[in-house]
Number of protein chains: 4
Amino acid sequence: MRRKDDNKQQNIKQAVIKVILAEGFHGASISKIAKEAGVSPATVYVYYESKEAMLQDIYQEYHEQVYTYLSGQVRKDMSGAQFIESLVRGYYSYIIECGEAFYFVEQFSSCPALLGGCPGIEARSKISLLLDELKMRRIIKDVDNASITAILFTPVKSIALQYHKRGTVEAPILNDLIQMIQDALLR
Amino acid sequence: MRRKDDNKQQNIKQAVIKVILAEGFHGASISKIAKEAGVSPATVYVYYESKEAMLQDIYQEYHEQVYTYLSGQVRKDMSGAQFIESLVRGYYSYIIECGEAFYFVEQFSSCPALLGGCPGIEARSKISLLLDELKMRRIIKDVDNASITAILFTPVKSIALQYHKRGTVEAPILNDLIQMIQDALLR
Amino acid sequence: MRRKDDNKQQNIKQAVIKVILAEGFHGASISKIAKEAGVSPATVYVYYESKEAMLQDIYQEYHEQVYTYLSGQVRKDMSGAQFIESLVRGYYSYIIECGEAFYFVEQFSSCPALLGGCPGIEARSKISLLLDELKMRRIIKDVDNASITAILFTPVKSIALQYHKRGTVEAPILNDLIQMIQDALLR
Amino acid sequence: MRRKDDNKQQNIKQAVIKVILAEGFHGASISKIAKEAGVSPATVYVYYESKEAMLQDIYQEYHEQVYTYLSGQVRKDMSGAQFIESLVRGYYSYIIECGEAFYFVEQFSSCPALLGGCPGIEARSKISLLLDELKMRRIIKDVDNASITAILFTPVKSIALQYHKRGTVEAPILNDLIQMIQDALLR
DNA sequence: CATGAATGAGCGTTCATTCAT
DNA sequence: TATGAATGAACGCTCATTCAT
């Protein structure tokens with residue numbers, strides 16, 4: 001018998017991300033995805049139980065990726081300012097470099113019907129642990145992690161998406177942002 | 001006095017927002033919207049050229065609403081700290097109170113295919129003018145408005161959405177957030 | 001606006017029966033039915049909520065028809081023997097003459113999944129009332145109506161279907177059958 | 001001793017009957033059947049040329065079974081009344097006890113497209129020979145065997161199916177039926 | 001203006017069957 | 001022999017939109 005081709009599943013995954021980037025979440029039909037992946041629509045169902053399950057599977061894969069990426073950007077011996085700068089620059093780089101995956105995750109997250117079916121993930125924990133330690137060491141303010149991550153990540157995401165659209169990267173803007181986030185979080 | 005026509009168009013607009021909240025962007029078909037609005041599907045096309053045009057029209061209407069709302073929350077004689085606090089609390093209130101419209105705008109914004117067709121809007125200008133003045137008066141930092149609004153609004157949006165899901169509102173969290181945003185923006 | 005065309009619904013109904021007769025219950029797809037009826041597949045859903053609902057509606061219409069037909073074949077002043085003969089000959093005629101409808105009802109009845117969704121019908125009652133009266137008048141045996149109708153109708157159905165296939169009608173066979181059913185039922 | 005091959009084919013046959021009982025003729029797809037039988041869908045095509053051929057083969061096997069079963073219920077020295085009673089009770093028992101196989105045969109028979117492809121079978125002959133002898137001995141009426149079997153079997157089938165649905169068994173009803181069939185057939 | 005009818009195009013999915021091992 | 005992978009064709013159904021009144 002034919003062996004399951006791992007390439008094929010990868011082709012499908014990449015096709016999903018590519019089609020969603022090109023046509024939006026709504027335009028990403030199974031038949032378009034299959035065509036992009038070079039397989040028959042029916043073949044998609046060899047690898048996934050349903051379209052929803054397929055999207056969720058891809059989401060699970062890429063959702064955690066950013067946290068893994070960010071964890072690699074910081075070290076324990078960093079100062080608070082360095083720590084924040086590294087995370088912010090790292091997040092910005094991730095969005096710019098892994099734009100397709102990032103875009104997919106954002107699109108997926110904006111659809112409550114899909115998110116709802118996903119098992120609750122706490123991938124943020126890697127970052128949370130770091131934040132907790134910084135709080136204990138009285139380096140950053142002792143406030144809820146939700147607020148900290150909100151300040152740390154959402155502004156840079158907003159900036160990255162704006163400038164990504166325009167195709168330009170603005171070093172001074174990012175520097176200003178880092179400075180402000182440091183002012184916000186450091187004691 | 002409004003004519004019947006306006007009534008129908010208003011019904012349709014409200015139906016769109018209601019259906020999208022209830023069923024998501026995917027589930028918002030013309031026939032469901034028409035049923036909700038109490039009109040025939042064909043009637044929608046009396047008022048709008050296409051579904052896309054309808055959504056864009058509604059987006060334009062509600063997209064600006066938040067800035068109008070926020071403009072009413074601040075006064076010229078406020079201190080920088082008060083100014084920031086008013087905007088943040090105002091934005092938070094808006095999200096909680098005008099959840100339907102806010103949700104629609106967010107969903108619409110997340111779909112580039114739709115956003116792309118929209119004429120570039122500069123509704124932010126009301127806020128931008130205020131920010132420019134504060135910068136001139138050396139009250140807030142002199143950085144790009146994009147960065148300032150990113151810091152001012154995206155974290156509170158993030159918090160509001162998180163806590164809205166859980167149904168609880170947390171005063172201390174919002175207070176902390178305001179403090180941090182003030183630290184970030186004030187000179 | 002266009003007015004609903006009763007002809008169109010009739011076309012669809014007849015197309016259902018025709019396609020099922022030609023291709024069997026399993027081959028009767030919406031697209032074949034629509035093509036036969038000269039409408040678009042989508043049009044079927046203007047008139048019916050689903051394929052299942054459509055089949056059930058047609059079933060309900062034709063299921064009762066035979067009992068109405070049979071009721072017209074008997075009169076109160078008939079003797080028991082005449083009564084039985086009329087019903088048996090009537091049923092036979094119905095099967096031969098209204099073969100398409102009869103075939104549809106039989107096919108539908110053989111599919112429990114469809115039958116199950118149908119509201120319990122007691123169209124048999126017209127016949128049941130007649131049988132009850134004959135039992136009271138001590139003309140036919142006083143046994144359960146289910147048994148009586150089983151003897152009255154199922155053998156002739158079996159014969160009719162056999163001979164319908166072969167295209168021949170056999171008067172003596174029907175006569176013998178009537179005689180036996182009379183022997184079975186009359187006191 | 002059976003070889004593995006026979007085992008697999010038997011598994012498939014039983015799976016077909018089981019799946020059809022559980023899910024109806026519609027729901028009996030090759031993949032479900034294969035799963036139920038514990039084999040691959042492709043394996044089905046090792047033993048059968050097509051799905052149709054598979055069903056026909058199973059039909060041929062079970063179609064005759066009832067006649068074999070009934071032949072064992074009667075003996076040459078029985079009276080006419082005993083003979084009829086034995087056949088009727090036997091047929092009833094068969095339907096109740098071998099419900100799965102009976103159900104399969106009924107479902108198959110109701111689909112002309114399948115039946116048409118089957119070679120004409122005369123499995124009835126065992127019973128026919130017995131009937132012929134009884135006719136010669138002037139015990140039962142001298143009418144066409146089609147009529148006799150119609151009277152003998154179709155009413156009890158109808159009753160059995162009705163009562164099987166309701167889960168109850170009714171001794172008096174069966175007794176009445178037997179009496180009536182005897183009155184119909186015996187001289 | 002307002003409508004319910006009508007539809008071509010497309011949806012996600014399953015099917016019986018064949019392929020390659 | 002036996003298989004899981006692979007598929008073209010078809011499924012029932014919904015869509016945004018247009019038609020005819």
Side-chain angles (χ1 to χ4, degrees), chain A residues 1-6 8-9 26-34 38-55, chain B residues 3-9 12 26-35 38-55, chain C residues 1-6 8-9 26-34 38-55, chain D residues 3-5 7-9 26-35 38-55:
Chain A
M1 61 167 165
R2 285 188 204 158
R3 289 270 146 246
K4 216 169 208 163
D5 188 352
D6 239 19
K8 209 156 264 179
Q9 183 153 18
H26 301 79
S29 71
I30 290 285
S31 68
K32 281 182 194 165
I33 290 164
V39 300
S40 153
T43 303
V44 174
Y45 291 87
V46 172
Y47 295 92
Y48 296 104
E49 220 174 43
S50 66
K51 186 187 183 186
E52 192 177 334
M54 179 187 69
L55 294 174
Chain B
R3 280 170 300 155
K4 246 191 176 178
D5 315 341
D6 287 332
N7 244 324
K8 282 216 169 104
Q9 186 156 19
I12 292 170
H26 273 86
S29 68
I30 290 285
S31 67
K32 279 184 195 164
I33 289 164
K35 196 168 288 175
V39 301
S40 157
T43 304
V44 174
Y45 290 87
V46 172
Y47 295 97
Y48 296 106
E49 212 177 49
S50 68
K51 187 187 182 184
E52 193 177 333
M54 177 188 71
L55 294 175
Chain C
M1 62 168 164
R2 285 186 202 160
R3 289 268 147 247
K4 214 168 206 164
D5 188 352
D6 238 19
K8 209 156 264 179
Q9 183 153 17
H26 301 80
S29 71
I30 290 286
S31 68
K32 281 181 193 165
I33 290 164
V39 299
S40 155
T43 303
V44 173
Y45 291 89
V46 172
Y47 295 93
Y48 295 105
E49 219 176 43
S50 67
K51 186 186 181 185
E52 192 177 333
M54 179 186 71
L55 294 175
Chain D
R3 278 170 301 151
K4 243 190 178 178
D5 315 341
N7 243 323
K8 281 213 171 106
Q9 187 157 18
H26 273 87
S29 69
I30 290 284
S31 67
K32 279 184 194 165
I33 290 164
K35 196 166 289 176
V39 301
S40 157
T43 305
V44 174
Y45 290 85
V46 172
Y47 295 97
Y48 297 106
E49 214 177 48
S50 68
K51 187 187 182 184
E52 192 177 335
M54 178 188 71
L55 294 175

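Side-chain atoms are counted along with the backbone in the values below, which use heavy atoms only and exclude waters and symmetry mates. The sequence lines fix the lettering, A, B, ..., with proteins before strands; numbering per chain opens at 1.
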Taking [atom1] from [X] and [atom2] from [N], how many angstroms apart are they, rounded to a whole number?
X	N	atom1	atom2	result
B/Ile12	E/dT3	CD1	C1'	13 Å
D/Glu49	E/dT17	CD	P	10 Å
A/Gln9	F/dA6	CD	C1'	14 Å
C/His26	E/dA16	NE2	P	11 Å
D/Lys32	E/dT17	NZ	C1'	18 Å
C/Tyr48	E/dG4	OH	P	20 Å
D/Tyr45	F/dA5	OH	C1'	15 Å
B/Lys35	F/dA16	NZ	C1'	15 Å

[options]: which one has an atom nearest the side-chain heavy atoms of [X]?
X	options	result
B/Ser50	F/dC13, F/dT17, E/dT13	F/dT17
A/Thr43	F/dA6, F/dG4, F/dT14	F/dA6
D/Val46	F/dT7, F/dA2, F/dC13	F/dA2

Close side-chain approach of C/Val46 and C/Lys8, heavy atoms under 4.5 Å: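 Of all side-chain heavy-atom pairs linking C/Lys8 with C/Val46, none is under 4.5 Å.
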
Hey, is the side chain of [X] poking within less than 4.0 Å of OP1 or OP2 on [N], counting only N and O atoms?
X	N	result
C/Ser31	F/dG12	no
A/Lys8	F/dA6	yes
D/Tyr47	F/dA2	yes
D/Ser40	F/dA2	no

Identified stems (criterion: three or more consecutive Watson-Crick or G-U pairs, under 3.5 Å), DNA chain E: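 Result, WC/G-U stems under 3.5 Å: E:2-21 with F:2-21.
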
Touch class at under 4.0 angstrom, heavy-atom based, for D/Val44 against every strand present: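 Counting heavy atoms under 4.0 Å across all strands, no contact is made by D/Val44.
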
Touch class at under 4.0 angstrom, heavy-atom based, for A/Ile30 against every strand present: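 Answer is base: heavy atoms of A/Ile30 come under 4.0 Å of a base.
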
Donor-acceptor pair under 3.5 Å, A/Ser29 side chain vs E/dG10 base: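 Side chain to base: no pair present.
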
Comparing C/Lys51 and A/Pro41 on DNA chain F - which has the more 5′ nearest nucleotide: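 Mapping each residue to its closest nucleotide by heavy atoms, the 5'-most match is A/Pro41.
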
From CA spacing to verdict: side chain to side chain contact (heavy atoms under 4.5 Å, CB included), A/Met54, A/Tyr47: CA-CA 8 Å; A/Met54 179 187 69; A/Tyr47 295 92; over 6 Å; no

Shortest non-hydrogen contact between D/Ala34 and D/Ser40, atoms and distance: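 Residues D/Ala34 and D/Ser40, closest heavy atoms: CB-C, 3.8 Å.
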
For B/Gln9 against B/Tyr48, the heavy-atom pair lying closest together: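 That would be NE2-OH, 3.1 Å.
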
Residue whose closest nucleotide on DNA chain E lies nearer the 5' end, C/Gly38 versus B/Val39: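 Result of the comparison: B/Val39.
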
CD1 on B/Ile12 to CD1 on B/Ile30, rounded to 0.5 Å: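 It comes to 8.5 Å.
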
Residue list, salt bridge (charged side-chain N to carboxylate O under 4.0 Å, His left out) with B/Lys32, at least two apart or on another chain: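 Listed in chain order: B/Glu23.
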
